[in-house]
There are 2 protein chains.
Amino acid sequence: MPSAEQARFRPVTLADVARSAGVSQATASRVVNGSARSVSPALTQSVLAAAEELGYATNVQAQAVARGTTTTVALLVSDIATDYFSSMAAAVMANAERAGLDVTIAVGERRMEREIELVRALRAQRARAIVMAETGFQTPEGADRLAEELRAYERGGGKVVIVSRTQLPFDHLDLDNVGGARKLGGALARLGYRRFLVLAGDRRLVTMHDRIEGFRSGLAERGIDLPEEAVVACDFSWEGARRAVSELDDAVLERTEAIFALNDEMALGAIAGLRGRGMQVPRDVAVAGFDDIRSLRDVTPGLTTVRIPLAEVGALVVDVVTGRRDAPALVPATVVLRDSTPLLG
Amino acid sequence: MPSAEQARFRPVTLADVARSAGVSQATASRVVNGSARSVSPALTQSVLAAAEELGYATNVQAQAVARGTTTTVALLVSDIATDYFSSMAAAVMANAERAGLDVTIAVGERRMEREIELVRALRAQRARAIVMAETGFQTPEGADRLAEELRAYERGGGKVVIVSRTQLPFDHLDLDNVGGARKLGGALARLGYRRFLVLAGDRRLVTMHDRIEGFRSGLAERGIDLPEEAVVACDFSWEGARRAVSELDDAVLERTEAIFALNDEMALGAIAGLRGRGMQVPRDVAVAGFDDIRSLRDVTPGLTTVRIPLAEVGALVVDVVTGRRDAPALVPATVVLRDSTPLLG
DNA sequence: ATGAAAGCGCTAACAA
DNA sequence: TTGTTAGCGCTTTCAT
């Protein structure tokens, strides 16, 4: 049967369904999708039956073209193979689903150039919203070009939501990096720590900057000074932190009581670095991180950190995207004390 | 200026570009996309200029409708907030990009019913390929319905690739669960272990079944028997394993020398359970897992496991999708011995 | 309530 | 090389 063979690679279309049900395509369209509920039960039945029978599946592309809009929201992250971003993605997806949205993930690799390309591609996808969770580096010119591309996207009717990155002029969801770090500083001070080392990624990342300054002010409130030399720059990654710690002067390490790494990944890298030097946490030095990523569950001793409630972030993001809530919102961060920073003394 | 206001939420179309450049839409189409390189330099320039000037971005939906095909491949996983799947997703995405494909992730939650829905939705998206990496439960009837949906998808011209062994009748990429587990069994036997406990998820998962049987045969090769009572069922998760271990009889735990958890997540849960009972790894009992997930990097003592090279899986998946390689392929698994299973004796 | 017909933005013959 | 003209599959006025 040649015609069956022919049809082998042709999806069933709405026209097929309509023909098979003996109704107009308009009617078929009305029943297979919600809209104006103005179709008689009888026809509704036969259309549904025909659709089922033929194994019809809507062509969402065509639907999007006709409607001029999609239900896709794009989530731009730095690296999906990361606890932080994969947890956030899961949270956003879970909430998006409830809102009838589907989410697509784009990986920016922390490169502004790439982010710009991605926004462009997402623009081509006619995504309903772009959520920039990416904590990319920002050169002033780069930021301008990115903002320009995002603005073009908005002009096309898209919605932009930035998660925790404030100098871009769009709706954003602030994570309380400053407050969280401040509270951590206070907590560590209360535990008796005085001499710190901060492992910082690139300072141009707003997030990093905020965490440092928050921490510093938390300490300051207790009369503790965090000198500039105590902030050591390194690559913003596990390996970067490990290496930085490995290369530290003995003398420096000797006099530091606690290391604050600007995120948990780096904290874990730092711990690896310490272990490499034969040092133990917290016996020889205390360590604290930021984010409270999943894998801390299996780390011993438990890592003190500042928890960002990613589930909540996911819900807020979707609320902002759907317009059920106005940005900006501030997501609180809370200190979680664990064994890596015991009471000193 | 009312017209500008009007245009505020209307994306720039190809027609706009063509008009602005003073050429036909066909010509504009030819230059903004590759295809037949048959456009004069002069016109090419003006079209490009107009596009740039207007901030044009292709409408990929319309393009897909017109071309009758997309460049999207869908990756179906169980849970993106998981080392295993997020690593795989990263690998697939990295390779897909090189092939000019973009990937969308769908989360099946290990529920067959949901998987079926998802495949249907993916069918509606006209994804070019569906990669089922999901390790879902399979009831016979469920499997039939899923297969039916996938077949309908294929009939529409889509490509199906199953990762890891399945009885589903589609192209698949085998992970060497049997071989890996067998080698692990052998390695542990060589280290002197004789009395094991296997923490198994649901046996209906082919993957689980394969790992148990492989392990058993590896032991058998060294004359060691793995009795059925040594295989304890529990929920296929960290928490499931933790609880199972917590509830084990002292006597049972007393006589087991090593626990083999069917994946690393469960192994880590088991370790947490042991810790909860005041037992230490490997002093009181050895533990081994499977997969070699990322977060093992920060676990102490290091966990012995069987490594699945996810980067390679990503590359193979894309090769199969693009037709550059025929499935089935077998991805090898290798034993990684770490401190959690020291030489016994 | 139902259908005819005109789009949605783009591509791909086919002519010119 | 370039433009004209049909579509692609779906939605949505606008009649009926």
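The sequence lines fix the lettering, A, B, ..., with proteins before strands; numbering per chain opens at 1. Predicted, not measured: the structure shown is a model, and the values here were computed from it.
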Roughly, in whole Å, what's the span from [atom1] in [X] to [atom2] in [N]?
X: B/Asn33; N: C/dC10; atom1: CG; atom2: P; value: 9 Å
X: A/Arg19; N: D/dG9; atom1: CZ; atom2: P; value: 11 Å
X: A/Gln45; N: C/dA1; atom1: CD; atom2: P; value: 17 Å
X: B/Arg123; N: D/dG9; atom1: CZ; atom2: C1'; value: 15 Å
X: A/Arg67; N: C/dG7; atom1: CZ; atom2: C1'; value: 15 Å
X: B/Gln125; N: D/dG9; atom1: CD; atom2: P; value: 17 Å
X: A/Arg126; N: D/dC10; atom1: CZ; atom2: C1'; value: 17 Å
X: A/Gln63; N: C/dG7; atom1: CD; atom2: C1'; value: 16 Å

Enumerate the salt bridge (Lys or Arg N to Asp or Glu O under 4.0 Å) contacts for [range], please, sequence neighbours excluded, ordered by first and then second residue.
range: residues 12-22 of chain A; value: A/Arg10-A/Asp16, A/Asp16-A/Arg19
range: residues 89-103 of chain A; value: A/Glu97-B/Arg114
range: residues 131-147 of chain B; value: B/Glu113-B/Arg145

Qualifying residues under salt bridge (Lys or Arg N to Asp or Glu O under 4.0 Å), relative to [X], sequence neighbours excluded:
X: B/Glu312; answer: none
X: A/Arg123; answer: A/Glu149
X: B/Asp79; answer: none

Worksheet entry | Axis-to-axis angle between the two ends of the helix from C/dA1-D/dT16 to C/dA16-D/dT1 (five base pairs per end, rounded to 10 degrees) |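 Answer for the end axes of this duplex: 30°.
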Practice prompt. Give a yes or no on whether the backbone of A/Thr70 and the side-chain of A/Arg128 come within a donor-acceptor separation of less than 3.5 Å.
Written response: yes
Worksheet item: For the side chain of B/Tyr153 and the backbone of B/Ala129, is there at least one donor-acceptor N/O pair under 3.5 Å apart?
Response: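 Answer holds: yes.
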Enumerate the protein-to-nucleotides 2-5 of chain C contacts in which both atoms are nitrogen or oxygen and the separation is below 3.5 Å.
| from | atom 1 | to | atom 2 | distance (Å) |
| --- | --- | --- | --- | --- |
| C/dT2 | OP1 | A/Ser40 | OG | 2.7 |
| C/dT2 | OP2 | A/Ser40 | N | 2.5 |
| C/dT2 | OP2 | A/Ser40 | OG | 3.4 |
| C/dG3 | OP2 | A/Ser24 | N | 3.1 |
| C/dG3 | OP2 | A/Ser24 | OG | 3.3 |
| C/dG3 | OP2 | A/Thr27 | OG1 | 2.7 |
| C/dG3 | N7 | A/Arg30 | NH2 | 2.5 |
| C/dG3 | O6 | A/Arg30 | NH1 | 3.4 |
| C/dG3 | O6 | A/Arg30 | NH2 | 3.4 |

Worksheet item: What pairs with B/Ala26 under side chain to side chain contact (heavy atoms under 4.5 Å, CB included), at least two apart in sequence or on another chain?
Response: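 Testing B/Ala26 for side chain to side chain contact (heavy atoms under 4.5 Å, CB included), a comparison that skips the adjacent residues, returns B/Ser24, B/Arg30.
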Practice prompt. Name the closest nucleotide to the B/Tyr56 side chain, picking from C/dC10, D/dT11, C/dC8.
Written response: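 That would be C/dC10.
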Fill in: Any B/Asn59 side-chain nitrogen or oxygen under 4.0 Å from OP1 or OP2 of C/dC8
no
